[in-house]
Amino acid sequence: MFRAFVNERLAAAAGEIRALFEKTRAECEEELRRSQDQNRRKQRLLEKILSPRVVLVRARVQTPPTRIKEEPEEEELPMETEADGENHHHQVQSRSTKVSAQNKSAPETSATKPYSCEACEIKFADLSTLTRHRRTHTREKPYHCLTCQKTFALKSYLDTHRRTHTGEKPYSCEVCEIKFADLSTLTRHRRTHTGEKPYHCLTCQKTFAQKSNLDTHRRTHTGEKPYSCEVCEMKFAELSTLTTHRRTHTGDKPYHCLTCQKTFARKSALDDHRRTHTKEKPYSCQVCEKKFRHRSALTTHRRTHTGEKPYSCEVCEIKFADLSTLTKHKTTHTGEKPYSCLVCKKRFCESKQEPINITKMVKLKNAG
DNA sequence: AACATGTAGGGAAAAGCCCGGG
DNA sequence: CCCCGGGCTTTTCCCTACATGT
Ligand SMILES: [Zn+2]
Ligand SMILES: [Zn+2]
Ligand SMILES: [Zn+2]
Ligand SMILES: [Zn+2]
Ligand SMILES: [Zn+2]
């Protein structure tokens, strides 16, 4: 039936994507490679351009900026069209100050970096670095993982990768004892303790510890939704949201309650559900100490203290604190006798063109 | 009238894994 | 070899609106 159709549709879409992907895989990787190379070059250019500027402010005359040769006009990749110009506004440069300080005293010249790559013109201070760098062009990856057949350009990459199979985590946080397989991840994790958040959103002033999280956040301002569902064409700002959305089509419910065998499409739903077995009530009202199993129950409960009534009937404009109460109330407007007196419950057939009666009823209600 | 339970999307925090260069 | 910074991807968690039933 419908479920089957949807699954078929999804499978077909997946097949199309796979076919397309296989066909253009090489080109895509090539393109990705090129854009990465290009970005690296741009990054270097940026460093060169930005750091001399620091010098220029103070010593404009004495250090004319080394002329940077413009690259032979290449097709710009979409992502860098406008990003480059404003990039450095979105993030503070706390992490690369050392580099620019160095550059100030020893600008990159062929004297300090005599080894330049034949493929991309980048210069290096020593030959070993250049040799290592060349592999980014040749794609030479001599180190193989025997477990999963992946290949790596450097032994250190393979060493790190192998830990994904062994589970070894040699780096542990001094503060919270959590262990990591990768030193970079630990370094980044430490920021959660220091509270360092170097990336700022210019639109709302929010700050972020990771750049990618800022990038994602900015979509909430731009409205960009790059991920779209293959079945219903709904669009999403994040892949994870699309992933859970897809389950509404497939009916996939990967989370199982071990107590009653019920299944759920998302973990939070299972967590909520589990509390119906454990009788746990983690949400408590600050006013009356009453406890609730679900957050939404607490939210509606709080209105009994505040008097807030967000739900109003479009017909008679009476307000309610609880949606189900409003829904029930609305039925008094349906049928042949859509209007009922709120005091005596008698029903009337008066049309909407009887505002006087209605306001009277409302007034009566509000007074009582 | 108040609460219980579940569905769904939005958003953020943090970690996983990998790469390049000093 | 170590270390550092950074990139894209994935996981995890929390929030809220809303529907439906008690
Ligand atoms: Zn492997
Ligand atoms: Zn820690
Ligand atoms: Zn923002
Ligand atoms: Zn869909
Ligand atoms: Zn209360």
Give me the distances for all protein-to-nucleotides 18-22 of chain C N/O pairs that come in under 3.5 Å?
{"unit_1": "C:dG21", "atom_1": "O6", "unit_2": "A:Ser324", "atom_2": "OG", "d": "2.9"}

Give the table of side-chain donor-acceptor pairs shorter than 3.5 Å for residues 178-187 of chain A, with sequence neighbours excluded, one pair per line with atom names and distance.
{"unit_1": "A:Asp182", "atom_1": "OD1", "unit_2": "A:Ser184", "atom_2": "N", "d": "2.9"}
{"unit_1": "A:Asp182", "atom_1": "OD2", "unit_2": "A:Thr185", "atom_2": "OG1", "d": "3.4"}
{"unit_1": "A:Thr187", "atom_1": "OG1", "unit_2": "A:Leu183", "atom_2": "O", "d": "2.9"}

Please tell me which of the listed nucleotides, [options], lies nearest to the side chain of [X]?
X: A:Lys113; options: B:dG22, B:dG6, B:dC18; answer: B:dG22
X: A:Ser212; options: B:dA15, C:dC1, B:dC19; answer: B:dA15
X: A:Phe208; options: B:dG20, B:dA4, B:dA12; answer: B:dA12

Please list, chain by chain and in numerical order, all residues satisfying side-chain contact (heavy atoms from CB on, under 4.5 Å) with [X], sequence neighbours excluded.
X: A:Ser240; value: A:Glu238
X: A:Thr263; value: A:Lys253, A:His256
X: A:Ser212; value: A:Gln210
X: A:Asp215; value: A:Lys211

Side chain A:Arg132 and base B:dG22 donor-acceptor under 3.5 Å: yes
Donor/acceptor link under 3.5 angstrom from A:Arg266 side chain onto base of B:dG9: yes
Contact class for [X] (heavy atom, under 4.0 Å): base, sugar-phosphate, or nothing?
X: A:Lys291; result: nothing
X: A:Thr129; result: sugar-phosphate
X: A:Lys290; result: sugar-phosphate
X: A:Lys179; result: nothing

side-chain hydrogen bond (donor to acceptor under 3.5 Å, both in side chains) partners for A:His294, two or more places apart: none
With a 4.5 Å heavy-atom cut-off, do [X] and [Y] have their side chains touching?
X: A:Ser116; Y: A:Glu121; value: no
X: A:His245; Y: A:Met234; value: yes
X: A:Arg132; Y: A:Leu154; value: yes

Near-strand residues of residues 234-241 of chain A, defined as heavy-atom separation under 4.0 angstrom from DNA chain C: A:Leu239, A:Ser240
Value in whole Å for how far the P atom of B:dG6 lies from NE2 of A:His294: 6 Å
Rounded distance (Å) that lies between atom P of B:dC17 and atom OH of A:Tyr143: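 Roughly 22 Å, once rounded to whole Å.
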Qualifying salt bridge (charged side-chain N to carboxylate O under 4.0 Å, His left out) pairs with a residue from residues 282-296 of chain A, counting only residues at least two apart or across chains: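 Sorted result for residues 282-296 of chain A: empty, none.
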Residue pairs, two or more places apart or on separate chains, that pass salt bridge (charged side-chain N to carboxylate O under 4.0 Å, His left out) and touch residues 146-175 of chain A: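 Listed by first then second residue: A:Lys155-A:Asp159, A:Asp159-A:Arg162, A:Arg163-A:Glu168, A:Glu174-A:Arg190.
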Closest non-hydrogen atom pair between A:Phe152 and A:Cys145, with its separation: CE1-CB, 4.5 Å
Dot-bracket pairing map - DNA chain B, Watson-Crick plus G-U, both contacts under 3.5 Å, | cross-strand: .|||||||||||||||||||||
DNA chain B-proximal residues of residues 297-307 of chain A, any heavy atom under 4.0 Å: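 Under 4.0 Å from DNA chain B: A:Ala297, A:His301, A:Thr304.
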